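A short write-up of the structure that comes next.
Chain naming here is simple, since letters A, B, ... match the order of the sequence lines and numbering starts at 1 in each. All figures in this text were calculated on a predicted structure; none of them were measured in a lab.
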Protein chains: 2
Amino acid sequence: MQRTVKQVLYSGDELEMAKFAKALGHPVRIKILKLLESQSCCFTGEMTAMIPMAQSTISQHLKALHEAGLVQGEINPPRVKYCIDRDNWEKAKERFANFFAEKAGPSP
Amino acid sequence: MQRTVKQVLYSGDELEMAKFAKALGHPVRIKILKLLESQSCCFTGEMTAMIPMAQSTISQHLKALHEAGLVQGEINPPRVKYCIDRDNWEKAKERFANFFAEKAGPSP
DNA sequence: TCAGTTTATCGTAAATTTACGATGAATCCG
DNA sequence: CGGATTCATCGTAAATTTACGATAAACTGA
């Protein structure tokens with residue numbers, strides 16, 4: 001998509017913030033994370049039961065959350081137990097907190 | 001894109017979180033917001049000078065941030081001065097803080 | 001009034017996202 | 001060894017996003 005030579009350079013912070021934010025940028029994924037948060041862990045099947053979407057779609061969203069690092073899956077045959085990835089959860093929490101911690105005063 | 005009758009229902013919280021997150025889901029928009037945050041306000045021209053992207057693209061990203069409510073623009077002919085929308089900024093800050101404020105213990 | 005400046009919008013192309021159903025892989029249980 | 005269960009992946013279609021250049025709109029100042 002980049003058609004010119006000029007390239008925008010992003011810091012690691014910016015890229016990581018965007019990565020986390022992008023993963024949070026769909027209401028279903030928010031719902032999934034809230035579910036995982038509220039009951040610590042969850043099998044995929046429980047989610048598909050609670051969210052009226054095709055199982056493949058839920059799986060796709062879980063993959064997105066996993067790739068962003070917000071979620072980890074533990075295979076527990078024949079099921080898979082998903083949990084919040086606490087390390088990255090904390091990291092994301094801090095990133096967002098820092099980001100929103102305004103240094104500037106009110107808008108002039 | 002929805003092809004079945006079943007509809008997933010989202011709470012206002014979930015939709016708003018997703019809306020804010022989606023707006024933050026691109027590194028350029030993070031960069032723009034950091035810019036606005038650091039110097040309280042900014043003319044569009046200053047951004048296009050600092051970010052090597054087409055002016056139309058920057059404008060497009062500003063529109064996205066505006067539509068998400070994170071940014072407000074004040075016409076100051078012939079320029080437009082953009083600022084963080086402090087009200088929604090606070091709202092987003094709280095939403096994210098609450099979201100990441102885990103109630104559950106560590107992953108089993 | 002007319003040229004200049006600044007920004008938004010239009011038109012467009014390529015990439016990505018989002019949804020679905022169908023199929024495949026892994027693992028249990030009988 | 002099957003059949004059943006659970007989840008991921010594939011293939012696909014429609015929508016959305018992201019980028020660009022070109023153009024339009026709004027206002028200034030000469």
Show me the protein contacts with nucleotides 28-30 of chain C, counting only N or O atoms at under 3.5 Å.
none

Where do A:M17 and B:I30 come nearest, in terms of heavy atoms and distance?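 Scanning both residues, the minimum pair turns out to be CE-CD1, 3.7 Å.
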
Given [options], which nucleotide is nearest the side-chain atoms of [X]?
X	options	result
B:F43	D:dC10, C:dT7, C:dT18	C:dT7
B:H61	D:dT18, C:dT7, D:dC7	D:dT18
B:M53	D:dA19, C:dT7, C:dC20	D:dA19
B:R79	D:dA19, C:dT6, D:dC20	C:dT6

Rounded distance [0.5 Å steps], [atom1] in [X] versus [atom2] in [Y]:
X	Y	atom1	atom2	value
B:F96	A:K93	CZ	NZ	14.5 Å
B:Y82	B:L62	OH	CG	5.0 Å
B:H61	B:M53	NE2	CE	5.0 Å
A:N88	A:K19	CG	NZ	6.0 Å
A:L15	A:K22	CG	NZ	11.5 Å
B:W89	B:L36	CH2	CG	8.5 Å

Between B:T48 and A:A64, which has a closest nucleotide on DNA chain C that is more 5'?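 Comparing both residues, the 5'-ward one is B:T48.
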
Can a side chain N or O of B:Y82 be found less than 4.0 Å away from OP1 or OP2 on C:dT6?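 The answer is no; no side-chain N or O of B:Y82 sits under 4.0 Å from OP1 or OP2.
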
With a non-hydrogen cut-off below 4.0 angstrom, is A:T57 in contact with a base, only sugar-phosphate, or nothing?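 Base contact - A:T57 has a heavy atom under 4.0 Å of at least one base atom.
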
Contact class for A:S59 (heavy atom, under 4.0 Å): base, sugar-phosphate, or nothing?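 Since a base atom lies under 4.0 Å of A:S59, the category is base.
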
Separation of [N] [atom2] from [X] [atom1] (nearest whole Å):
X	N	atom1	atom2	value
A:I58	D:dA8	CD1	P	11 Å
A:L62	D:dT9	CG	P	11 Å
B:I75	C:dT5	CD1	C1'	15 Å
A:I32	C:dT18	CD1	P	11 Å
A:K81	D:dT5	NZ	P	23 Å
B:L65	D:dT18	CG	P	11 Å
B:I51	C:dT7	CD1	P	13 Å
B:Q60	C:dA8	CD	C1'	11 Å

Does A:L35 share a hydrophobic cluster with A:V28, counting links as ILVMFWY side-chain heavy atoms below 4.5 Å and allowing steps through other members?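 In one cluster: yes.
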
With a 3.5 Å cut-off and just heavy-atom distances, do the side chain of A:Q55 and the base of D:dA8 make a donor-acceptor pair?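 Such a pair exists between side chain and base.
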
For A:F20, ring-ring contact (aromatic ring centres under 6.0 Å, His included) partners two or more places apart: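 Residues passing ring-ring contact (aromatic ring centres under 6.0 Å, His included) with A:F20: none at all.
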
Of all of residues 19-29 of chain B, which get a heavy atom below 4.0 angstrom from DNA chain D, listed by number?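 Those residues whose heavy atoms fall under 4.0 Å from DNA chain D, taken from residues 19-29 of chain B in numerical order, are B:K22, B:H26, B:R29.
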
Below 4.5 Å, heavy atoms only, C-beta onward: do B:F99 and B:D13 meet side chain to side chain?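 When only atoms from C-beta onward are counted, B:D13 and B:F99 do not touch, as no gap falls below 4.5 Å.
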
